[in-house]
Student: 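This structure is in structure tokens; I'll ask about it shortly.
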Amino acid sequence: MRAWQEWAAAVRLLWRAGPRHTVALTVTVVCGALTGPLVVIATGRLVGGLPGAVTGGPGSTEARRVLAALTVFGALILVRTGLRAVEGGLAAVLKLRAASVVEDRAMAAGTGPDGIGHLEEPGYADTLRLVTEPNSRPDQLATLLPEIVRPRLEGIGLLVLLAPLAWWAPVLLALAAVLTYRSYQRLARHVHGSMQAASAVIRRAGYLRSLAVDPEPAKEARLFGLRDWLAERMTAVWQSGMAEVWATRGTAARRACGAVGFVVLAEAAVLGHAAFAAARGPGPHPPGDQRPGGARRPRARLGR
């Protein structure tokens, strides 16, 4: 439930930044995701027709089919490349618009209440730091969301293509994908949660660092012989804040490794089944089928 709320908040932010750009980016991402399964189909048609085209020669029907498949394959690659370029441009524009919305909200939160007491509150300072830092700014969603949504849509299309091979193959891979997603999501929550919990300590470490490296306070620190003390104090504070983050990250990483191992086994099972089916070739034909190299169909009896 919380994940859906976060997705809804991200979509609301992007919609507020630019409704038309959000719709255009959504359409571009969906169309780009559809090209993935289509490229796989075109590749299969192209590779599957090559033996017949080589045997039949340049003017044969098989050769013309291979040329048509090659044309479709090239067109899909061009369309996919163009959609990626359009997606990147729309995401960049939407990111700038979302950055403007975030800046307006941050300024409104800082200048709205009377006085400066809220500016000294640790919770407000930590939230403001998370909002304004480049790696955690909400406007990064404009470029991150397409990279998250598109592979998932492509994966759904590829699972549909895999269903004729074996009914259990897409089910197994979908289960592996869900477990991996949940594992990575748990890892991200633990890491970000621990970083947020240690935000006050990290902020204080940044303050001590500024006393040692910023021009004005650094002059006084060197004048009074506090340079080494500030460096040791900043290191100790930063390590105390990051100790819990490192411990949490190690536990979550081990769980993620287990999910990755399950994905490897699932993919190995599906690929092994596909290789075995390809090596075995088509199944035996029913008796009486008129097939190349097979038995002849028996003559129909007239009467008894």
Side-chain angles (χ1 to χ4, degrees), residues 1-36 80 82-114 118-119 121-157 174 177-200 202-203 245 248 252 256:
M1 188 65 182
R2 182 179 177 183
W4 287 106
Q5 293 176 353
E6 294 175 352
W7 279 89
V11 172
R12 285 196 301 269
L13 173 63
L14 298 180
W15 184 264
R16 182 176 178 180
R20 291 181 296 180
H21 292 84
T22 303
V23 173
L25 182 60
T26 302
V27 174
T28 305
V29 170
V30 173
C31 293
L34 290 176
T35 58
R80 188 175 188 178
L83 289 174
R84 291 290 180 88
V86 173
E87 176 188 314
L90 290 173
V93 174
L94 193 57
K95 179 181 177 181
L96 292 176
R97 290 177 173 268
S100 177
V101 174
V102 172
E103 294 292 344
D104 291 342
R105 290 186 176 182
M107 292 177 62
T111 60
D114 296 332
H118 63 287
L119 299 177
E121 184 181 353
Y124 175 84
D126 295 338
T127 304
L128 185 62
R129 183 182 63 84
L130 293 174
V131 170
T132 55
E133 280 191 353
N135 294 331
S136 58
R137 287 177 60 92
D139 51 82
Q140 298 287 339
L141 294 171
T143 55
L144 293 178
L145 283 180
E147 297 297 331
I148 296 175
V149 174
R150 187 186 348 98
R152 295 181 181 181
L153 295 179
E154 288 183 357
I156 293 174
V178 170
L179 291 178
T180 306
Y181 167 72
R182 291 187 176 276
S183 177
Y184 286 166
Q185 188 181 40
R186 189 180 299 110
L187 174 62
R189 289 188 186 281
H190 287 173
V191 172
H192 290 299
S194 59
M195 289 290 292
Q196 187 175 3
S199 181
I202 296 175
R203 178 167 50 84
V245 177
T248 304

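When reading the values below, keep in mind they use all heavy atoms of this one structure, side chains included, and skip hydrogens, waters and symmetry mates.
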Student: Once rounded to the nearest 0.5 Å, what's the spacing between atom CZ of Arg97 and atom CZ of Arg16?
Tutor: 13.5 Å
Student: Could you give me the CA-CA distance, side-chain angles and deciding distance for Leu14 and Leu145, then say whether side chain to side chain contact (heavy atoms under 4.5 Å, CB included) is met?
Tutor: CA-CA 10 Å; Leu14 298 180; Leu145 283 180; 3.6 Å; yes
Student: Where do Thr28 and Leu83 come nearest, in terms of heavy atoms and distance?
Tutor: CG2-O, 3.4 Å
Student: Evaluate Glu154 against Arg80 for salt bridge (Lys or Arg N to Asp or Glu O under 4.0 Å), listing each step before the verdict.
Tutor: CA-CA 12 Å; Glu154 288 183 357; Arg80 188 175 188 178; 3.3 Å; yes
Student: Looking only at heavy atoms, what is the nearest atom pair of Pro151 and Pro146, with distance?
Tutor: CD-O, 4.0 Å
Student: Looking at every non-hydrogen atom in both residues, tell me the closest pair between Ala33 and Arg150 and how far apart they are.
Tutor: CB-O, 3.8 Å
Student: Atom OG1 of Thr143 and atom CG of Leu90: how far apart are they, to the nearest 0.5 Å?
Tutor: 13.0 Å
Student: OG1/Thr26 to CH2/Trp15 distance, rounded to the nearest 0.5 angstrom?
Tutor: 8.5 Å
Student: Taking all non-hydrogen atoms of both residues, which atom of Leu25 and which atom of Ala142 are closest, and how far apart?
Tutor: CD2-O, 4.0 Å
Student: Check the pair Lys95 / His21 against side chain to side chain contact (heavy atoms under 4.5 Å, CB included), numbers first and verdict last.
Tutor: CA-CA 10 Å; Lys95 179 181 177 181; His21 292 84; over 6 Å; no
